[in-house]
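A quick write-up on the structure given underneath.
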Amino acid sequence: MIDKRFFESYGPFSLSEILDGLAVETLGAKFDDVVIASAATLSASKPSDICFLDSAKHKEQVETAKATACFVPEKLAGLVSEQGILPIISKAPRAHFARTLAKLYKVRTFSNSSDSAKIAKTARIHESVIIGSGAIIEDGVEIAPNAVIGPGVHVGANTYIGPNAVIDCAVIGSNCIVKASAVIGGAGFGVAQDESGAIDIPHIGRIIIGDRVSIGSQTCVDRGQLDDTVLGDDVKIDNLVQVGHNVKIGDGTVIAGHVGIAGSCTIGKNVQLGGNAGLVDHISVGDGASVAARAGVMHNIPAGEVWSGVPAMPIRDHMRLISATRKLVPPKKKRET
């Protein structure tokens with residue numbers, strides 16, 4: 001469900017209007033009377049939604065899908081049609097879906113709208129701060145100079161927003177700290193390619209932040225593409241950290257500086273990520289696990305384990321590997337005096 005506080009919907013469109021200008025095939029069918037009102041992930045789709053499926057490894061999503069239409073490669077057309085979904089045959093399903101998102105939705109922009117923000121009397125806001133229409137600023141909030149609070153953003157009680165911070169498409173809990181020049185709720189990094197060239201994939205999800213969360217200076221936390229990016233209660237993030245779109249971070253997790261978390265990762269509760277660690281997309285780190293500094297995580301980490309190295313592995317295996325590698329190097333000869 002698209003949050004109308006942050007995004008404007010331009011639908012519904014006929015399916016023919018949606019497909020206009022796209023190099024797709026519809027097996028000769030005419031869809032002027034087929035209505036597309038919104039976009040969704042395939043697994044959570046409902047009638048009048050349009051979706052995409054670009055790989056057989058995600059085919060289980062079709063089981064719960066109820067979309068009207070779906071961009072698919074030719075080899076997967078039968079899979080979605082068996083579910084009663086109209087297959088739109090595409091050589092670039094993700095890119096064509098991205099162009100459809102751009103037709104259906106726009107991020108709300110700053111305007112002179114009569115919809116004023118709701119600002120508590122006890123909030124302390126510097127005169128240089130920009131606040132979008134429909135924003136809600138609760139009691140005890142402090143916002144430092146030159147911060148930008150986007151349309152519809154909700155900032156919970158006693159939260160501090162540092163100078164030059166930018167917050168968009170976000171719901172922030174109480175007693176949080178967002179330090180200077182952090183960017184919260186910007187569009188994530190996603191690029192797709194089709195017959196018309198490269199397109200930045202629109203991100204129409206939100207970022208949901210719990211209570212007592214700290215986010216360091218110049219850290220970026222991206223909003224979700226279709227779902228939400230979620231930070232649980234008591235999450236602590238250092239400076240210069242990148243958190244990608246759709247990432248879920250559990251309560252009490254601590255993340256040191258220069259960590260990079262790619263999109264759609266799931267980080268459990270009370271996890272510790274050491275400085276400069278990197279996580280590839282779509283992996284999970286179990287509750288209570290620890291990742292050593294500069295580790296490169298490419299696989300799921302079970303709860304409670306400690307991993308290190310590049311590629312990351314259980315730390316005992318990594319230490320054994322280092323020990324064995326050292327034995328391959330002959331000892332240096334002592335210089336004669």
Side-chain angles (χ1 to χ4, degrees), residues 1-54 58-73 76-77 79-90 92-109 111 113 115 133-134 150-152 168-169 171 185 187-188 190 192 194 196 199-208 223-229 245-246 264:
M1 180 68 69
I2 302 303
D3 195 326
K4 294 182 179 179
R5 291 177 294 181
F6 309 127
F7 305 97
E8 294 183 76
S9 175
Y10 287 86
F13 294 96
S14 71
L15 185 53
S16 295
E17 290 175 307
I18 290 289
L19 302 183
D20 184 39
L22 301 181
V24 296
E25 296 180 32
T26 57
L27 304 179
K30 299 292 184 181
F31 297 134
D32 291 329
D33 58 345
V34 176
V35 174
I36 299 297
S38 55
T41 57
L42 184 58
S43 60
S45 62
K46 59 186 185 304
S48 296
D49 282 348
I50 191 167
C51 308
F52 81 97
L53 177 66
D54 62 354
H58 302 306
K59 64 182 181 179
E60 74 283 350
Q61 295 184 15
V62 177
E63 297 173 5
T64 58
K66 298 179 181 178
T68 292
C70 182
F71 293 104
V72 289
L76 298 178
L79 186 66
V80 298
S81 62
E82 289 175 2
Q83 192 73 7
I85 299 170
L86 296 170
I88 304 167
I89 299 174
S90 165
R94 184 181 296 271
H96 290 149
F97 181 71
R99 297 192 188 279
T100 298
L101 287 176
K103 286 183 179 180
L104 285 170
Y105 304 104
K106 301 291 182 186
V107 180
R108 290 193 181 276
T109 57
S111 66
S113 169
D115 293 334
S133 63
D168 207 0
C169 304
V171 178
D194 64 7
S196 298
I199 178 174
D200 292 313
I201 298 174
H203 284 66
I204 55 173
R206 308 171 298 178
I207 175 165
I208 308 298
R223 65 177 181 261
Q225 182 183 332
L226 291 170
D227 297 324
D228 295 328
T229 300
H245 59 263
N246 297 355
S264 299

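Atom CZ of F71 sits about 3.5 Å away from atom OG1 of T100, to the nearest 0.5 Å. Between T229 atom OG1 and H245 atom NE2 the span is 8.0 Å, to the nearest 0.5 Å. Atom CG of L42 is separated from atom CG of L226 by 11.0 Å, given to the nearest 0.5 angstrom. We find the CD-CG distance between E8 and L104 to be 13.5 Å, quoted to the nearest 0.5 Å. Within the model, atoms CD1 of I204 and CD1 of I2 stand 3.5 Å from one another, a figure rounded to the nearest 0.5 Å. To the nearest 0.5 Å, atom OG1 of residue T41 and atom CG of residue N246 are 9.5 Å apart.
A67 and I85 make their closest contact through O-CG1, 3.3 Å (heavy atoms, listed as atom of the first residue, atom of the second, distance). Considering all non-hydrogen atoms of both residues, H203 and F7 come closest at O-CE2, 3.5 Å. When all heavy atoms of A40 and C51 are compared, the closest pair comes out as O-SG, 3.4 Å.
For T64, the side-chain contact (heavy atoms from CB on, under 4.5 Å) partners are S43, not counting sequence neighbours. With sequence neighbours left out, S38 forms a side chain to side chain donor-acceptor pair (under 3.5 Å) with D49. Every residue was checked against the side chain to side chain donor-acceptor pair (under 3.5 Å) condition with D168, not counting sequence neighbours, and none meets it. In this structure A92 satisfies the side-chain contact (heavy atoms from CB on, under 4.5 Å) test together with S90, A95, H96, D194, sequence neighbours excluded. Residues that satisfy the ring pair (Phe, Tyr, Trp, His ring centres under 6.0 Å) test with F6, not counting sequence neighbours, are absent from this structure. Legend: residues meeting side-chain contact (heavy atoms from CB on, under 4.5 Å) with T109, ordered by chain and number and at least two apart, are absent. Residues satisfying the side-chain contact (heavy atoms from CB on, under 4.5 Å) test with P202, not counting sequence neighbours, are A98, L101, A102. For the side chain to side chain donor-acceptor pair (under 3.5 Å) test, residues two or more places apart in sequence or in another chain that qualify with R94 are D54. Here D228 pairs with R206 under the salt bridge (charged side-chain N to carboxylate O under 4.0 Å, His left out) rule; sequence neighbours left out. Scored by the salt bridge (charged side-chain N to carboxylate O under 4.0 Å, His left out) test, K106 finds no partners at all (sequence neighbours excluded).
Across V35, I50, I88, a single residue satisfies side chain to side chain contact (heavy atoms under 4.5 Å, CB included) together with I18, and that is I50.
Listed by first and then second residue, the side-chain hydrogen bond (donor to acceptor under 3.5 Å, both in side chains) pairs that reach into residues 79-88 come to none, sequence neighbours excluded. Screening residues 63-73 for salt bridge (charged side-chain N to carboxylate O under 4.0 Å, His left out), with sequence neighbours left out, gives no hits.
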Could you go through L79 and V72, starting from their C-alpha distance and side-chain angles, then the distance that decides it, and tell me whether this counts as side chain to side chain contact (heavy atoms under 4.5 Å, CB included)? CA-CA 9 Å; L79 186 66; V72 289; over 6 Å; no
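Looking at R108, its side chain never comes within 3.5 Å of a backbone N or O of C169 through a donor-acceptor pair. Under the 3.5 Å distance criterion, the side-chain polar atoms of K59 are left unmatched by any main-chain donor or acceptor of L76.
Within the 4.5 Å cutoff, no side-chain heavy atoms of I36 are placed close to those of K103. Side-chain contact check for L19 versus T26: some heavy-atom pair is nearer than 4.5 Å. In this structure the side chain of T68 never reaches within 4.5 angstrom of the side chain of L15, judged on heavy atoms.
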